[in-house]
Amino acid sequence: LQTCSLDQNAAPEPEATTAAPEPEVPAAPVVNDAPAGSPVAVNGKLSVCGVNLCNEAGTEIQLRGMSSHGLQFFPNCVNTDSLEALRNDWKADFVRLSMYVQEGGLETDPVGFTAKVNGLVDDATALGLYVIVDFHILTPGDPLFNLDRAKTFFEDVSTEHADKDNVIYEIANEPNNTSWDNIKSYADQVIPVIRGNVPDSVVLVGTRGFSSLGLSDGSDEREVIEDPVDFENIMYTFHFYAASHGADRRAVVQRAAASLPLFVSEFGTQTFTGDGNNDLASATAWLDLLKSLKIGYAMWSFSDGRETNSAFKQGTCAGTDYAGNGVLTESGAFIRDRILSGSSS
Ligand code: IDC
């Protein structure tokens, strides 16, 4: 062995040659189990960025989808076949599951309906679709009336899906005959239940006057801007029905969108009754505005009833064929075409 002479003044040998290489930082941030090419595989985990929704890479995106009708009214319309058509044939991004609380909904069988919602969330997830879980309060309109039911429901659903990145929680469909103070108080109590299980989830908060940003009560978006819900990753919902609501409301949405993250979790092409003639010119003007503002939307409804809001012809949900225009009504053909054209641009 050679003797080793140490030069105290020499710089220490660089250790670089023996050090382990730096771990590689993955270039593509989206890593999940969703089927290749599906909306969730492409966009990954969502978050609210400024007034928009962003995908996992931080790019602003507009989600386009369909709202179910009441799951208690149309129990068969949301299924693996119809969801597959929604993804493959319509190129939509998500389904909204409308879990009515009253009118024969959740309150009549909490265990059964919660299981139904959980199963449909799993079905949508397996296809790589995003899914909005809508706590569909309507009558009565004060969300505090259903506070305990909401806490139980969202505790159960968010526990069940805590490991998923594709679930959006909508805590109150359309508050009405109530104040923004009451809605906010409800949000302050329900959001922590969800966030306790899924801290980063996106949550949609309904607004006063049937989610009209207060317009149907003679107010407007300022009551929200002045007293916002104090949580991250929140969006406020705005609903419209194209034959009832026109340019005056569009102007408010355009103005509000500069300050508030908005999501149109429900709209219809007819009057607010959900029936009567479709006003496709008005619906087109609305969807053009939402596209320009990158505001996501869901059309009411993914059902096969008699009302003009039903996207499918009567009897469709008894079968397994949901693709193409042949099974669609006027409103259904309109929205499929709209989503398809949006997905290619
Ligand atoms: C309507 C349904 C109709 C049902 C009624 C009451 O289309 O079949 O009888 O609810 O449950 C909303 C509500 C939505 C309404 C829809 C059309 O969120 O539940 O559905 N609408 O009226 N807000 C504005 C319109």
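Everything numeric in this text was worked out from a predicted model, so none of it was measured. Each ligand, and each atom within it, is numbered from 1 in the order the structure gives.
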With the criterion set at N/O pairs under 3.5 Å, what does the list of contacts between the protein and ligand 1 look like, atom names and distances included?
| from | atom 1 | to | atom 2 | distance (Å) |
| --- | --- | --- | --- | --- |
| ligand 1 | 7 (O) | His69 | NE2 | 3.2 |
| ligand 1 | 7 (O) | Trp300 | NE1 | 3.2 |
| ligand 1 | 7 (O) | Glu307 | OE1 | 2.8 |
| ligand 1 | 7 (O) | Asn309 | ND2 | 3.4 |
| ligand 1 | 8 (O) | His69 | NE2 | 3.3 |
| ligand 1 | 8 (O) | Glu307 | OE1 | 3.0 |
| ligand 1 | 8 (O) | Glu307 | OE2 | 2.9 |
| ligand 1 | 10 (O) | Tyr100 | OH | 3.1 |
| ligand 1 | 11 (O) | Tyr100 | OH | 2.8 |
| ligand 1 | 11 (O) | Glu103 | OE1 | 2.6 |
| ligand 1 | 11 (O) | Glu103 | OE2 | 3.2 |
| ligand 1 | 18 (O) | His136 | NE2 | 3.4 |
| ligand 1 | 18 (O) | Asn173 | ND2 | 3.1 |
| ligand 1 | 18 (O) | Glu174 | OE2 | 3.4 |
| ligand 1 | 18 (O) | Glu266 | OE1 | 2.9 |
| ligand 1 | 18 (O) | Glu266 | OE2 | 2.9 |
| ligand 1 | 19 (O) | Tyr100 | OH | 2.7 |
| ligand 1 | 19 (O) | His136 | NE2 | 2.8 |
| ligand 1 | 20 (O) | Trp300 | NE1 | 3.4 |
| ligand 1 | 21 (N) | Tyr241 | OH | 3.3 |
| ligand 1 | 21 (N) | Glu266 | OE2 | 3.4 |
| ligand 1 | 22 (O) | Phe272 | O | 2.7 |
| ligand 1 | 22 (O) | Thr273 | O | 3.1 |
| ligand 1 | 23 (N) | Glu174 | OE1 | 2.7 |
| ligand 1 | 23 (N) | Glu174 | OE2 | 2.7 |
| ligand 1 | 23 (N) | Glu266 | OE2 | 3.4 |

Could you label the plane-to-plane angle of the Phe135 and Phe154 rings as parallel, tilted or perpendicular, counting under 30° as parallel and over 60° as perpendicular?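 Plane angle between 30° and 60°, so tilted.
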Using only heavy-atom distances, determine whether the side chains of Ser185 and Gln189 contain a donor-acceptor pair under 3.5 Å.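 Note: Ser185 and Gln189 side chains meet the donor-acceptor criterion.
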Will you find, in the side chains of Ser216 and Arg249, an N or O donor that is under 3.5 Å from an N or O acceptor?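 Checked: Ser216/Arg249 side chains pair up, N/O donor to acceptor below 3.5 Å.
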Under-4.0 Å salt bridge between Glu60 and Lys294: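 Result for this pair is yes, salt bridge flagged.
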Less than 4.0 angstrom from a charged side-chain N to a carboxylate O is my criterion; do Lys116 and Asp109 meet it?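 Salt bridge absent between Lys116 and Asp109.
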Thr114 side chain to Pro110 main-chain N or O, any donor-acceptor pair under 3.5 Å?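 At least one qualifying donor-acceptor pair exists.
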